[in-house]
Amino acid sequence: MPAPPPSAPAWATSRRGAVAALLVASGTLSACDVPLLGGSSTTSRRPAADPDTALVARVRFELAGLADLVAGVSAAYPDLAPRLSALGDLHAAHRDALGDTSTTPTPGATSSGQAYAGPRAALATLRTRELAGQHHLGDAAVAAASGDLARLLACMAAGVAQALAVLGGPGGAA
Amino acid sequence: MSTDPRQAALAAEHAAVYVYAALAAQTDPVADAALRTGLSDAYGTHRGRRDLLTRDLADAGETPVAAAPAYDLPERLGDPAVVRRCALGVEEACAETYGWLVAHTTAATRRWAVAALVDAARRALVFGGVPQDLPGRPA
């Protein structure tokens, strides 16, 4: 049985409770009920090999690279560190959500030693990489075999979008 | 009852359109210009999604779920702080709904749901939301 859809908030509850009833009722759906749209892994039989293993590994690798980039820019320009700390925390939370408990940079993903033309250029590079990472997370969500993993990856993409909006500049609204 | 998971998203969009129309109508376009602009933008976006879902469901042979006659609104709609909180609640609820839709669809529909989730998360900031690690994930 898949997780039920979000319950309707108070504002979305019609005076007749129609929306709440709808949302609750749709929680009775299962993947088997919706063959045209595919389904969630929560109801599918787990195969011997997890089809998402390689996808998760790729996402972890990219997250490690982004975390290292944030750390590198913060080290190169300490004045930027306070602005970037939330981004570093976000990557750590996302790696944790994917079960990546390593704390060391992934070999080959490190940005150590990368030279920038100044803090503005470093921030621009960071924004560009983060925006690409957000899009890759969205692509990974679409590619995921597991519905639950797809939701997690999509929520991660949304988290990066919020962080970029707060950071400002290209890719962000601020 | 249709089993298409897009019906849940359509129900949420019906509610969002209703609520945003009320919020925008009660917000001073001069004194609270930025808030009014944000509400108007949100209204347009949600109305577009409602219409797209309605059309797509009909094209798929489904009967699109109808809007309720009315939805509960907060009191003191003339208070900008109340309006912001309500709008934030709309976006957070939509983000959660689209996260659910991502989990229960595939391919093009899932990609569209991902985009809607990202948009709702970003729009929540306009109404005073704070960045989260995983916007749209059920608590």
Side-chain angles (χ1 to χ4, degrees), chain A residues 2-6 8-19 22-23 25-29 31 33-34 36-42 86 89-90 93-94 97 134 137-139 141-142 144 146-166 173-174, chain B residues 1-8 11-12 14-16 18-19 60 65-74 86 89-90 92-93 95-111 113-115 117-122 124-126 129-138:
Chain A
W11 59 265
T13 304
S14 74
R15 294 187 181 121
R16 295 182 182 180
V19 172
L22 254 175
L23 294 178
S26 61
T28 62
L29 295 175
D33 296 325
V34 198
L36 289 178
L37 288 166
S40 159
S41 66
T42 54
D89 292 344
L90 180 71
H94 287 177
Q134 176 195 322
L137 285 168
D139 292 341
V142 175
S146 158
D148 290 338
L149 176 63
R151 170 159 44 183
L152 174 62
L153 294 168
C155 291
M156 289 166 60
V160 174
Q162 285 189 330
L164 280 172
V166 171
Chain B
M1 170 72 69
S2 166
T3 57
D4 193 312
R6 290 174 295 184
Q7 297 279 19
H14 278 314
Y18 180 97
V19 172
V65 63
Y71 299 85
D72 284 344
L73 292 167
C86 185
V90 171
E92 289 177 340
E96 197 171 328
T97 297
Y98 282 111
W100 182 86
L101 192 61
V102 166
H104 291 84
T105 55
T106 60
T109 304
R110 181 185 283 180
R111 185 175 292 283
V114 170
L117 165 57
V118 169
D119 177 75
R122 214 186 269 128
L125 302 180
V126 173
V130 295
Q132 301 172 345
D133 292 339
L134 297 167
R137 196 181 203 194

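Bear in mind the structure is a predicted one, so any value in this text is a computation, not a measurement. Note on naming: letters A, B, ... go to the chains in the order of the sequence lines (proteins, then strands), and numbering restarts at 1 for each one.
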What heavy-atom pair brings C155(A) and G136(B) nearest, and what distance separates the two atoms? SG-C, 3.7 Å

With only heavy atoms counted, which part of P138(B) is less than 4.5 Å from chain A, the side chain, the backbone, both or neither? side chain

Supply the atom-to-atom distance M156(A) CE to L117(B) CG, rounded to the nearest 0.5 angstrom. 12.5 Å

Nearest-0.5 Å distance, NE2 of residue H104(B) to CG of residue D148(A): 7.5 Å

Can you name the nearest heavy-atom pair linking V114(B) to G138(A), along with the distance? CG1-CA, 4.0 Å

At a heavy-atom separation under 4.5 Å, does L153(A) approach chain B through its side chain, its backbone, both, or neither? neither

Looking at every heavy atom in both V142(A) and A107(B), which two are closest together, and how far apart are they? CG1-O, 4.0 Å

If you look at every heavy atom in V166(A) and P131(B), which pair is closest and at what distance? CG2-CG, 3.3 Å

Could you report the tightest heavy-atom contact between R151(A) and G99(B), atom names first, then the distance? CD-O, 3.2 Å

Below 4.5 Å from any heavy atom of chain B, which atoms of A144(A) appear? Answer side chain, backbone, both or neither. both

Just do the side-chain contact (heavy atoms from CB on, under 4.5 Å) check on H94(A) and L134(B) with the steps written out, would you? CA-CA 8 Å; H94(A) 287 177; L134(B) 297 167; 3.9 Å; yes

Contacting moiety of V130(B), where chain A heavy atoms sit under 4.5 Å: backbone

Quick check: does any side chain N or O of R110(B) sit under 3.5 Å from a backbone N or O of A141(A), one acting as donor and the other as acceptor? yes

Using atom types as modelled and distance alone, determine if a side-chain donor or acceptor of Q162(A) lies under 3.5 Å from a backbone N or O of Q132(B). yes

If every non-hydrogen atom of D139(A) is compared with every non-hydrogen atom of R111(B), which pair is closest and at what distance? OD1-NH1, 2.9 Å

